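Notes follow the structure.
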Protein chains: 2
Amino acid sequence: MAATQSTDDKILTAFSELLFSNGYEGTTTKRIAEQAGVNESTIFRHFQDKHGILTKLIEGYMADINNISDSFEIKGDIVQDLMRVAKTYDRVIENHKSLFLLGLRNGYQFPEIISAIKQLPIHLKAILIEKFTGMIETGELDKDVDLEVAATNFILLNFGNTVFKYAYPKAGLNVPISKFAKENIKEFAEKLKS
Amino acid sequence: MAATQSTDDKILTAFSELLFSNGYEGTTTKRIAEQAGVNESTIFRHFQDKHGILTKLIEGYMADINNISDSFEIKGDIVQDLMRVAKTYDRVIENHKSLFLLGLRNGYQFPEIISAIKQLPIHLKAILIEKFTGMIETGELDKDVDLEVAATNFILLNFGNTVFKYAYPKAGLNVPISKFAKENIKEFAEKLKS
DNA sequence: TTTGAGTGCAAGTGCTTGCTTGCATATAAA
DNA sequence: TTTATATGCAAGCAAGCACTTGCACTCAAA
């Protein structure tokens, strides 16, 4: 933690880290205080309650996701593009892995996390369909491809691998992102080419 | 619950149902007792502790999964086969959805659930690779297909869609299984055909 | 009828958790 | 120097949770 970080940010960072490793219930206010290096009562001077810390964290995520289109660079070469997007997706989730895991672990308790988390696949799907449409016109994509199905399958591949990565980290089920992009996504994308 | 169900089974069923809807921490022994229609102290006469109920439930799952190969019918027509396997996968998870969700929600707390849950994708991958090998020899599959990548991608598609279904049930992200098999899996499988 | 097994009931234990309260201290600005 | 702000500290509160304990009752088998 940076020496000049505000108390708010210290608490938010500690909360986020603990969410990742201990889950929501395991993220006690006692632990947050220790990790943030503040007194437990300070937490309640800055945030109304424990849930209020989460609300703030989700706000940060939504600010990021609302500009997410700019992060997914698609230039017109389907194979290179989808490999690049897969890597970007991995990076975006890595930056928000606590909330990603919270959505899996506690989605049933906090509808607002699901509302937030679903924005990424929804945005990504819209972008893919738009770009794929252009690529059919330029002849890069096979014109028989069902764009919605292709976009959904791409998202499922990335999402599934990402869940393996974060939800079952020691299971050895996820494909490391380099290999995933170069093999799994590449083979998928090549099948879309005309 | 069947009128002649044993007390053990009543408790296990109640536990499983509550796991699904309330998560592990929300599955209090008080709630289990109510749902099972037994006294709370009876639970501790049948199981050492709360965790012991989970252990028993996982044993039931493992008994199922150890014979899982028989459930995945692969006859040599890649498209029909993968569509059928996708539906079988969906059915298997549906039968064990509480443990599937527990793995996502509480995997970090219970390594034994991860060990159990990972058996399904591991078994399925092995089956797929074996069958795909045969299909290359019969000419059903394009011989340039990387079998491991194809099998992994098939599993990721199914897994991803299943996580959408159970972890974010109201988000509208998952493709209903009929459509998923007929469109997403069918398109995927057709690309593997020689 | 007696005995053993299984269960209900109610009270209780010890611990944890989120949060509150009131006092004290430190620091920066006026 | 005084004032305002931010925070630490320690004690505490109320609720909830897994689990225990001891008594009482029911039912089936011997």
Side-chain angles (χ1 to χ4, degrees), chain A residues 1-58 98-99 101-102 105-106 108-113, chain B residues 1-58 98-99 101-102 105-106 108-113:
Chain A
M1 265 179 283
T4 58
Q5 203 174 11
S6 73
T7 300
D8 273 46
D9 282 345
K10 281 195 226 174
I11 293 168
L12 281 164
T13 300
F15 182 72
S16 178
E17 286 165 0
L18 289 164
L19 268 192
F20 184 73
S21 50
N22 293 23
Y24 187 78
E25 285 88 0
T27 301
T28 61
T29 52
K30 182 177 175 181
R31 285 203 180 105
I32 298 168
E34 281 165 2
Q35 181 94 332
V38 302
N39 189 273
E40 198 170 344
S41 64
T42 301
I43 294 175
F44 296 97
R45 292 189 180 119
H46 285 252
F47 301 91
Q48 183 179 334
D49 51 22
K50 185 177 166 185
H51 183 265
I53 316 177
L54 175 59
T55 300
K56 197 79 184 191
L57 203 60
I58 292 177
S98 296
L99 289 183
L101 267 184
L102 185 77
R105 290 170 174 166
N106 302 82
Y108 67 104
Q109 291 168 290
F110 306 114
E112 73 267 25
I113 184 65
Chain B
M1 267 179 281
T4 58
Q5 202 174 15
S6 72
T7 301
D8 272 45
D9 282 345
K10 281 196 227 171
I11 293 168
L12 282 164
T13 301
F15 182 72
S16 178
E17 286 165 358
L18 289 164
L19 269 191
F20 183 73
S21 49
N22 293 19
Y24 187 79
E25 285 88 2
T27 301
T28 63
T29 51
K30 182 177 174 179
R31 283 203 182 106
I32 298 168
E34 282 165 0
Q35 181 93 333
V38 303
N39 189 273
E40 200 172 339
S41 63
T42 300
I43 294 175
F44 297 96
R45 291 186 183 126
H46 284 252
F47 301 92
Q48 183 180 332
D49 51 22
K50 186 178 164 185
H51 185 266
I53 315 176
L54 175 58
T55 300
K56 197 77 181 193
L57 203 59
I58 293 176
S98 295
L99 289 182
L101 267 184
L102 186 77
R105 291 171 171 164
N106 301 80
Y108 67 103
Q109 290 169 291
F110 306 116
E112 71 267 26
I113 183 66

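Sequence lines set the chain letters: A, B, ... in the order given, protein chains first and strands last, and positions in each chain run from 1. Quick caveat, the model's predicted, so the values are computed rather than measured.
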Identified side-chain contact (heavy atoms from CB on, under 4.5 Å) counterpart of B/L12 within the set B/E17, B/Q5, B/K56, B/H46
B/K56
Treating primed atoms plus P, OP1 and OP2 as sugar-phosphate and everything else as base, which nucleotides of nucleotides 15-28 of chain C get B, S or - for protein heavy atoms under 4.0 Å?
--SSBBBB------
State whether B/Y24 and B/K50 meet the cation-pi test: NZ (Lys) or CZ (Arg) under 6.0 Å from the six-membered ring centroid, and within 45° of the perpendicular axis.
yes
Is the NZ or CZ atom of A/R105 positioned over A/F110's six-membered ring, under 6.0 angstrom from the centre and within 45° of the axis?
no
Kindly indicate whether the side chain of [X], heavy atoms from C-beta on, has any atom under 4.5 Å from the side chain of [Y].
| X | Y | answer |
| --- | --- | --- |
| B/F20 | B/L102 | no |
| B/I53 | B/I43 | yes |
| B/L54 | B/L99 | yes |
| A/E40 | A/R31 | no |

What is the 5' to 3' range of DNA chain D, first to last nucleotide, that sits under 4.0 Å from any heavy atom of chain B?
D/dC17 to D/dG22
